[in-house]
Amino acid sequence: MKNIKVEKTINKSKVRIDKSLNPYEDKVLFPDKLEKANEMLKNVGLPKGIIAQ
């Protein structure tokens with residue numbers, strides 16, 4: 001039998017989280033894409049109306 005998925009409510013939406021993915025929670029799976037996205041955000045910035053947290 002497959003792992004039971006947990007349902008949580010996030011922003012009024014139900015989200016199912018598969019607990020088998022927990023080992024990947026703190027790992028960067030695509031470091032090259034993350035670096036490219038961070039560089040793009042640094043150069044271009046966020047769209048108007050979005051506040052960086």
Should F30 and Y24 be counted in the same cluster of Ile, Leu, Val, Met, Phe, Trp and Tyr side chains packed under 4.5 Å apart? yes
Shared hydrophobic cluster for L21 and L29 (ILVMFWY, side-chain gaps under 4.5 Å): yes
Between CG on residue L41 and CD on residue E39, distance to nearest 0.5 Å: 10.0 Å
